[in-house]
Amino acid sequence: LDYARIESVTTDAWRGVSAAHTSWSFDAENATVSADDSTFAQPSVPVATARGFIPFSLEVGEDYPGFANEMSRLLSSGYMDLLASSLATGSGTNAPTGILTALDANTNVEVVVTTDGSFGAVDIDKVWAALPEKFRANSNWFMSVDVENEIRSFGSGTATSRFTVDQTAEGISRLNGKPVV
């Protein structure tokens, strides 16, 4: 959730407005402004309701005074686990569409690895080069721990040209200066 944009909706889907870019031009002084039309799209993201339930009676509350607080922590933990999984790989059917699910459905945004069946350091550079410059400033890397570990193996266990911090240090890794989530 730290890397998502949170929107309030009152329907069963969030409907946005997007454009690849807003068109501009330089026009001569005292000339009619040219038609710099933008092409707009209306992305739609379905909304789903998450629910959790723990049976509770007044008697349990009286017998175990801390029961409600502990169950609240359990519900909160379960909710965060559900969100983490759904926002990454959710199907979009009665659940959020996960970012990886959405990206996988759009072959126009996929970067093909250099060598079939293999992932190498050159592929990191290909992904970074494919990201338009205007998005790089606010970008993050989103990957599984397995992929992150594979990237770590490209180096010697210390900082390399691809990792911009000591790979053995605690905390979030950075790749090309951007956080790895």
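Residue numbers count from 1 along this sequence.
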Validation row: [X], [Y] side chains within 4.5 angstrom (heavy atoms):
| X | Y | answer |
| --- | --- | --- |
| Ser91 | Thr97 | no |
| Leu100 | Asp104 | no |
| Phe142 | Ile99 | yes |
| Val147 | Phe119 | yes |
| Thr114 | Lys126 | yes |
| Met143 | Ile151 | yes |

Ignoring hydrogens and geometry beyond distance, is a side-chain donor-acceptor pair present between Ser144 and Asp146 at under 3.5 Å?
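Per modelled atom types, Ser144 and Asp146 side chains form no pair under 3.5 Å.
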Taking atom types as modelled, find out whether Thr89 and Thr101 have a side-chain donor-acceptor pair closer than 3.5 angstrom.
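Per modelled atom types, Thr89 and Thr101 side chains form no pair under 3.5 Å.
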Can you tell me how far the [atom1] atom of [X] sits from the [atom2] atom of [Y], to the nearest 0.5 Å?
| X | Y | atom1 | atom2 | answer |
| --- | --- | --- | --- | --- |
| Asp27 | Thr32 | CG | OG1 | 9.0 Å |
| Ser139 | Leu175 | OG | CG | 10.0 Å |
| Leu82 | Arg51 | CG | CZ | 12.0 Å |
| Leu103 | Glu110 | CG | CD | 8.0 Å |
| Trp141 | Glu148 | CH2 | CD | 12.0 Å |

Side-chain heavy atoms under 4.5 Å apart, restricted to Ile/Leu/Val/Met/Phe/Trp/Tyr: what other residues fall into the cluster of [X], or is it alone?
| X | value |
| --- | --- |
| Trp24 | none |
| Val45 | Val9, Trp14, Val47 |
| Val60 | Ile54, Phe56, Tyr64, Phe67, Met71, Leu74, Leu75 |

Which atom of Ser44 lies closest to which atom of Arg15, heavy atoms considered
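In this case the closest contact between Ser44 and Arg15 is OG-CG, 4.0 Å.
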Is a donor on one side and an acceptor on the other found under 3.5 Å between the side chain of Thr11 and the backbone of Ala13?
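Checked: pair present.
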Test your reading of the model: is there a side-chain donor-acceptor pair from Arg174 to the backbone of Val180, 3.5 Å cut-off?
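No, because the side chain of Arg174 does not come within donor-acceptor range (under 3.5 Å) of the backbone of Val180.
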With sequence neighbours excluded, residues passing side chain to side chain donor-acceptor pair (under 3.5 Å) with Thr49
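Partners of Thr49 under the side chain to side chain donor-acceptor pair (under 3.5 Å) test: none.
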Taking only residues two or more places apart in sequence, or in another chain, which ones meet Glu70 in a side chain to side chain donor-acceptor pair (under 3.5 Å)?
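Partners of Glu70 under the side chain to side chain donor-acceptor pair (under 3.5 Å) test: Arg73.
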Under the rule for salt bridge (Lys or Arg N to Asp or Glu O under 4.0 Å), what residues qualify as partners of Glu7, not counting sequence neighbours?
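Glu7 satisfies salt bridge (Lys or Arg N to Asp or Glu O under 4.0 Å) with Arg5 once adjacent residues are dropped.
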